[in-house]
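Structure first, commentary second.
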Amino acid sequence: MQQIPPLWLSPETHLARSTPDHPILYFSPRVLHEVANRFQTGFPGLVTYAVKANPHPAVLSNLVAAGITAFDVASPAEMDAVRAASPDAVMHYNNPVRSDAEITAGIDHGVASWSVDDASELAKLADVPKSCEIAVRFALPVAGAAYDFGSKFGASPEEAVALLKAVAEGGWTPALCFHPGTQCEDESAWVEYIYAAKDIIAAAGVDIARLNVGGGFAANRDGVAPDLERVFEAIARAADAAFGDDKPLLICEPGRAMVSESFTLAARIKGMRKAGEVVFLNDGIYGGLVDIRDMGLPGRVEVVAANGTRRQGDRRPRVVFGPTCDSLDRLPDGLPLPEETRIGDYVLFPGLGAYSSAMSTQFNGYGLSDVATVIELSGQASS
Ligand SMILES: *Cc1c(COP(=O)(O)O)cnc(C)c1O
């Protein structure tokens, strides 16, 4: 019989019972369902999930349970993960550079929508069934994203016009897509793209049924929940204004914002030096904290003693190193920890569901692989 893993009340209860000596992610399916519902209620179109943010089987199966029917995949391994979660999930293969073997895998998996951003990539898709959608990915130089995705993928608007015509002439269902970047705090990024999509369609003289507005929705980084509804409304208003009655079906593919709040990462303090100025954790930038290196320190961390109680006291900024013997394995300076913090305590990082376990390595024999399921996550702005 299939084993059902235990459900813990909270990270604190699990830490106090088992005092793990390795880093752990605590997953609350309830929080994931709430966020999925928020997207499905507020976004004016089809909500899909970008698997790369966190491909854990429990994430995918809970999203299916929450009513998510389509997934953005980038590789055959992600297709397998989605298929394992749902036999009839719809797949959008939105990694625009593919080997021939990957294209065959996508055809075998029944991928419904493919994105392209270059004529050389469209030429490779000759065997893709004509019943499929091919979405031309375009990119604008956009301020406001934490990374500039446009520097890697995306046709210029002029190239997109030619590609859109070529897709229509090839007999596939033409569509457009873009991805404004990640942790995009300003909705004007989507608005600019939506108006650019309108111009591309007009210049190509090709009608499209669907416009994929990508992911990039911001997660809670500093204790202030991002106003997703404001972004959804701005997208809806821009699409109405740009397209009127000819509005294509909108699609979004959040990764980070969908999954981040449903996980808290717990890392244990292995050592402290210089009167607590310097702290060594059992996880770091080669493990589940890699995204912190790029995104900056989170504004909300808690410290929990081995008996599960919260450490108190004034906070002061510490230098925090990870467990590997590599001097780069260091968080951006100044993580504020309470005065009472001691060796053997756990540092809890809320909002670490995205780009954490997915990017963790086994470097030096460390890394993040353990997930425990909890009812409540502590340290959330909402609780
Ligand atoms: C990574 C990615 C996403 C998800 O981005 P988030 O910032 O995690 O929301 C969506 N679409 C595409 C094409 C991506 O590459």
Side-chain angles (χ1 to χ4, degrees), residues 32 35-36 38-40 42-43 45-56 59-60 63 68 70-75 77-79 81-82 90-98 102 106 111-118 121 133-140 142 144-155 160 175-187 189-190 193 197 210-221 226 228 231-232 235 250-263 290-292 294-296 351-359:
L32 182 59
V35 177
R38 192 172 167 196
F39 267 96
Q40 291 176 106
F43 181 77
L46 175 69
V47 178
T48 74
Y49 171 64
V51 172
K52 80 169 183 286
N54 189 330
H56 195 284
V59 169
L60 300 180
L63 286 173
I68 300 294
F71 292 82
D72 163 39
V73 293
S75 61
E78 289 187 355
M79 295 170 201
V82 167
V90 175
M91 294 191 220
H92 298 165
Y93 189 177
N94 288 339
N95 182 344
V97 181
R98 308 174 183 90
E102 288 171 335
V111 162
S113 178
W114 305 66
S115 73
V116 289
D117 66 352
D118 193 83
E121 293 296 330
E133 173 183 86
I134 295 186
V136 174
R137 177 159 168 180
F138 67 101
L140 305 172
V142 168
Y147 302 161
D148 181 9
F149 271 63
S151 63
K152 180 167 184 183
F153 295 138
L176 281 177
C177 64
F178 60 82
H179 178 54
T182 198
Q183 190 67 16
C184 241
E185 312 220 338
D186 182 353
E187 63 270 25
W190 284 275
Y193 267 100
R210 309 206 299 175
L211 172 62
N212 182 336
V213 304
F217 301 89
N220 180 345
R221 293 207 27 84
L228 289 175
V231 178
F232 297 154
I235 290 172
L250 302 180
I251 304 171
C252 69
E253 46 190 23
R256 178 187 298 283
M258 183 70 91
V259 78
S260 62
E261 276 306 293
S262 52
F263 287 80
V290 53
D291 196 48
I292 286 181
D294 300 318
M295 304 300 295
L352 265 235
Y355 307 113
S356 52
S357 50
M359 292 171 78

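We count ligands from 1, going down the list as the structure has it; atoms in each ligand are counted the same way.
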*For F178, check ring-ring contact (aromatic ring centres under 6.0 Å, His included) against everything at least two apart and list the hits.*
F138, Y193
*asked:* Heavy-atom contact check, 4.0 Å cutoff: does G216 meet ligand 1?
replied: yes
*Mind checking whether F217 and W190 have ring centres under 6.0 Å apart?*
yes
*Would Y49 and F39 count as a close aromatic pair, with their ring centres under 6.0 Å?*
no
_Atoms in ligand 1 flagged as close to R256, the criterion being non-hydrogen separation under 4.0 Å_ = 6 (P), 8 (O), 9 (O)
_If only side-chain N and O atoms count, and only distance matters, is there a donor-acceptor pair under 3.5 Å linking R256 with T182?_
yes
*Determine, considering heavy atoms only, which of K52, E253, K152 sits nearest to atom 15 (O) of ligand 1.*
K52
*Residue list, side-chain contact (heavy atoms from CB on, under 4.5 Å) with A50, at least two apart or on another chain*: D72
*Proximity flag M258 to ligand 1, non-hydrogen atoms under 4.0 Å*: no
*Hey, which atoms in ligand 1 end up nearer than 4.0 Å to a heavy atom of A50?*
3 (C), 4 (C), 10 (C)
*Relative to the heavy atoms of Y355, which atoms of ligand 1 are at a distance of less than 4.0 Å?*
1 (C), 4 (C), 5 (O), 6 (P), 8 (O)
*Which of the atoms in ligand 1, numbered in the order shown and given with their element, are less than 4.0 Å from a heavy-atom of G255?*
4 (C), 6 (P), 8 (O), 9 (O)
*Per-atom contacts, ligand 1 versus R137 - under 4.0 Å to a heavy atom*: 13 (C)
